[in-house]
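Written below as structure tokens is the structure these notes are about.
Residue indices begin at 1 and follow the sequence shown. Quantities reported herein were computed from a predicted structural model and do not represent experimental measurements.
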Amino acid sequence: MFRIWFKIIRDNHMVKDVVIEDSSNDTRTHKILRALEEACSQFDLGQPVWLDATVRDFQRHSKARFSQDNFIEHIDFDYMEIQVIEE
């Protein structure tokens, strides 16, 4: 079971969160991208852009933050954090 936690943070408080589970036999990358798409849909957000720094953080720590720099449209929160909690 693959589980990834998405959190919306504003003023150092979590205002929304969701855990997406995926039990398919797909690759880790495909599971992450599919979960990101589903979480953004639930949060009514556009897809963030994976910047090089975001990719490096995620590869090192299985955790990354998407701030205003990662989104094309304006966001009303400080950042969205994603974290793999089970592989």
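- The shortest distance between side-chain heavy atoms of Ile9 and His13 does not fall below 4.5 Å.
- Taken from CG in Leu51 to CZ in Arg56, the straight-line distance is 9.5 Å, to the nearest 0.5 Å.
- The closest side-chain heavy-atom distance from Asn25 to Lys31 is not below 4.5 Å.
- Counting heavy atoms from C-beta outward, Gln47 and Glu37 have side chains that approach closer than 4.5 Å.
- Side-chain contact check for Phe43 versus Ile75: every heavy-atom pair is 4.5 Å or farther apart.
- For the pair Phe66/Leu45, no side-chain contact is recorded, criterion being any heavy-atom separation below 4.5 Å from C-beta on.
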For a side chain to side chain contact (heavy atoms under 4.5 Å, CB included) check, start with the C-alpha distance between Gln68 and His74, then their side-chain angles and the critical distance, and finish with the verdict.
CA-CA 7 Å; Gln68 180 62 63; His74 176 73; 3.6 Å; yes
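- Defined by atom type and a distance below 3.5 Å, a donor-acceptor pair is missing between the side-chain atoms of Ser67 and Asp78.
- We find the CZ-CD distance between Arg3 and Glu86 to be 5.5 Å, quoted to the nearest 0.5 Å.
- At a threshold of 4.5 Å between non-hydrogen side-chain atoms, the residues Ile4 and Ile85 do not count as touching.
- With rounding to the nearest 0.5 angstrom, the CZ atom of Phe6 is 11.0 Å from the CD atom of Glu81.
- Here CG of Asp57 is found 10.5 Å from CD1 of Ile82. Values are rounded to the nearest 0.5 Å.
- Between Gly46 and Cys40, the closest heavy-atom pair is O-SG, 3.8 Å.
- Smallest separation of non-hydrogen atoms from Phe2 and Arg28: CE1-CG, 4.2 Å.
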Report, one line per pair, each donor and acceptor closer than 3.5 Å where one atom sits in a side chain of residues 14-23; sequence neighbours left out.
| residue | atom | partner | partner atom | Å |
| --- | --- | --- | --- | --- |
| Asp17 | OD2 | Trp5 | NE1 | 3.0 |
| Asp22 | OD1 | Ser24 | N | 2.8 |
| Asp22 | OD1 | Ser24 | OG | 2.7 |
| Asp22 | OD2 | Arg34 | NE | 3.3 |
| Asp22 | OD2 | Arg34 | NH2 | 2.8 |

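- In this structure, Arg10 is not positioned above the aromatic face of Phe77 in the sense of NZ or CZ being under 6.0 Å from the six-membered ring centre and within 45° of the axis.
- A single hydrophobic cluster is not seen to contain both Tyr79 and Trp50; linkage of ILVMFWY side chains at heavy-atom distances under 4.5 Å, directly or through other members, places them apart.
- Linking ILVMFWY side-chain heavy atoms closer than 4.5 Å, directly or via other members, places Ile32 and Val55 in a single hydrophobic cluster.
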